[in-house]
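So that the names make sense, note that chain A is the first sequence line, chain B the second, and so on, each numbered from 1. The structure presented is a predicted model; accordingly, all values stated were derived computationally and were not measured. When reading the values below, keep in mind they use all heavy atoms of this one structure, side chains included, and skip hydrogens, waters and symmetry mates.
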Amino acid sequence: MSKESDDFYNRVFDVVRLVPHGRVTTYGAIARFLGAARSSRLVGWAMNRSHNIIPIIPAHRVVNRAGILSGKAHFNDPNEMQRLLELEGVVVKDDQIINFDDVFWDPASMDL
DNA sequence: TGAATGACTCGAT
DNA sequence: GATCGAGCCATTC
């Protein structure tokens with residue numbers, strides 16, 4: 001892995017950490033925010049490595065554009081992702097966020 | 001070096 | 001309106 005690609009991942013992690021408490025974002029939103037609109041899968045790759053990243057990445061706040069917890073299976077405990085979201089006030093049912101449109105947070109619209 | 005994979009997204013049927 | 005398939009890009013085998 002080259003250093004530049006590591007930097008890309010680092011930006012992804014940074015954006016994920018910027019997600020407000022009780023809000024969630026999508027892979028596509030992060031990818032597009034970083035200028036890689038068609039690299040949404042790369043964001044998924046980055047999150048896959050987030051287990052070894054410090055500080056810990058709130059990966060539970062990152063879901064696909066449908067509001068489904070597509071990455072919950074990659075957690076130490078799949079139930080932990082849903083539990084963390086519910087703990088923050090996010091309503092989750094069947095691995096899917098109910099009020100997704102209400103809790104969705106776009107990094108491009110954050111206050112600078 | 002070439003082929004396969006993946007925590008996604010969009011367009012077509 | 002829901003479902004299916006193809007596209008994209010970096011990493012891994």
Side-chain angles (χ1 to χ4, degrees):
Chain A
M1 42 180 145
S2 60
K3 193 172 184 179
E4 295 186 4
S5 50
D6 266 10
D7 186 55
F8 174 78
Y9 292 142
N10 206 344
R11 292 182 196 173
V12 173
F13 302 143
D14 193 42
V15 173
V16 176
R17 282 194 230 105
L18 286 174
V19 178
H21 186 271
R23 297 270 192 254
V24 297
T25 190
T26 66
Y27 302 96
I30 296 172
R32 192 158 56 162
F33 178 71
L34 295 178
R38 280 133 177 111
S39 302
S40 52
R41 297 189 145 211
L42 277 302
V43 178
W45 257 159
M47 299 310 298
N48 208 325
R49 292 191 165 190
S50 65
H51 290 280
N52 292 330
I53 301 299
I54 298 175
I56 300 173
I57 309 298
H60 61 276
R61 292 180 187 156
V62 184
V63 297
N64 63 4
R65 90 174 210 88
I68 300 173
L69 312 186
S70 50
K72 74 161 202 166
H74 291 259
F75 276 70
N76 292 333
D77 292 324
N79 292 333
E80 190 172 328
M81 185 173 185
Q82 180 174 339
R83 189 176 63 182
L84 287 170
L85 286 172
E86 290 180 340
L87 199 67
E88 296 184 354
V90 179
V91 182
V92 180
K93 183 179 182 181
D94 289 336
D95 304 332
Q96 185 173 1
I97 297 175
I98 302 300
N99 54 343
F100 175 67
D101 192 51
D102 189 44
V103 298
F104 173 71
W105 178 81
D106 193 334
S109 51
M110 68 173 153
D111 289 335
L112 295 175

Exercise. Where does DNA chain C pair, written as one dot-bracket string 5' to 3', with Watson-Crick or G-U pairs under 3.5 Å, ( ) inside the strand, [ ] for crossing pairs and | for another strand?
Worked result: .||||||.|||||

Seminar exercise, completed: From the list A:Gln82, A:Arg83, A:His60, side chain to side chain contact (heavy atoms under 4.5 Å, CB included) partner of A:Phe75 resolves to A:His60

Exercise. To the nearest 0.5 Å, how far apart are OH in A:Tyr9 and CG in A:Leu34?
Worked result: 12.0 Å

Exercise. CD of A:Gln82 versus P of B:dA7: gap in Å, rounded?
Worked result: 19 Å

Exercise. With respect to the phosphate group of C:dC9, does any side-chain polar atom (N or O) of A:Ser40 fall under 4.0 Å of OP1 or OP2?
Worked result: no

For this session: Side chain of A:Met47 only, please: which of C:dT11, B:dC8, B:dA7 is the nearest?
Result: B:dA7

For this session: Check every strand shown and say whether A:His51 touches a base, only sugar-phosphate, or nothing at a heavy-atom separation below 4.0 Å.
Result: base

Seminar exercise, completed: In whole angstroms, the gap separating C1' of C:dA10 from CZ of A:Arg38 amounts to 16 Å

Exercise. Under 4.0 angstrom, heavy atoms only, what part of the nucleic acid is A:Asn48 near: base, sugar-phosphate, or nothing?
Worked result: base

Problem set entry | Selection from B:dT9, C:dC9, B:dA7 that lies nearest to any side-chain heavy atom of A:Thr26 | B:dT9

Seminar exercise, completed: What one should report as the nearest heavy-atom pair of A:Ala29 and A:Phe104 is CB-CZ, 4.2 Å

Problem set entry | Whole-Å distance separating the CG atom of A:Leu84 from the C1' atom of B:dA7 | 16 Å

Problem set entry | Candidate nucleotides C:dC9, B:dG6, B:dC10, ranked by approach to the side chain of A:Ser39 - the nearest | C:dC9

Exercise. Are A:Arg17 and A:Asp14 ion-paired here, with the side-chain N under 4.0 Å from a carboxylate O?
Worked result: yes

Exercise. Would you find a donor on one side and an acceptor on the other, under 3.5 Å apart, between the side chain of A:Arg23 and the backbone of A:Trp105?
Worked result: no

Problem set entry | Between P of C:dC9 and CD1 of A:Ile30, the distance in whole Å | 18 Å

Exercise. Between C:dA2 atom C1' and A:Ile68 atom CD1, what is the distance in whole Å?
Worked result: 13 Å

Exercise. Looking for any heavy atom pair under 4.0 Å, which part of the strands does A:Arg41 touch: base, sugar-phosphate only, or nothing?
Worked result: base

Problem set entry | Joint hydrophobic cluster, A:Phe8 plus A:Val62, side-chain heavy atoms closer than 4.5 Å | yes

For this session: Classify the nucleic acid contact of A:Ala59 as base, sugar-phosphate or nothing, counting any heavy atom under 4.0 Å across all strands shown.
Result: base

Problem set entry | Value in whole Å for how far the P atom of B:dT5 lies from CH2 of A:Trp45 | 11 Å

Problem set entry | Rounded distance (Å) that lies between atom P of C:dA10 and atom CG of A:Asn10 | 17 Å

Exercise. Separation of A:Lys72 atom NZ from B:dG6 atom P, in whole Å?
Worked result: 18 Å

Exercise. Under 3.5 Å, is there a donor-acceptor pair between the side chain of A:Ser70 and the main chain of A:Val63?
Worked result: no

Seminar exercise, completed: Ranking A:Leu42 and A:Asn64 by the position along DNA chain B of their nearest nucleotide, the one closer to 5' is A:Leu42

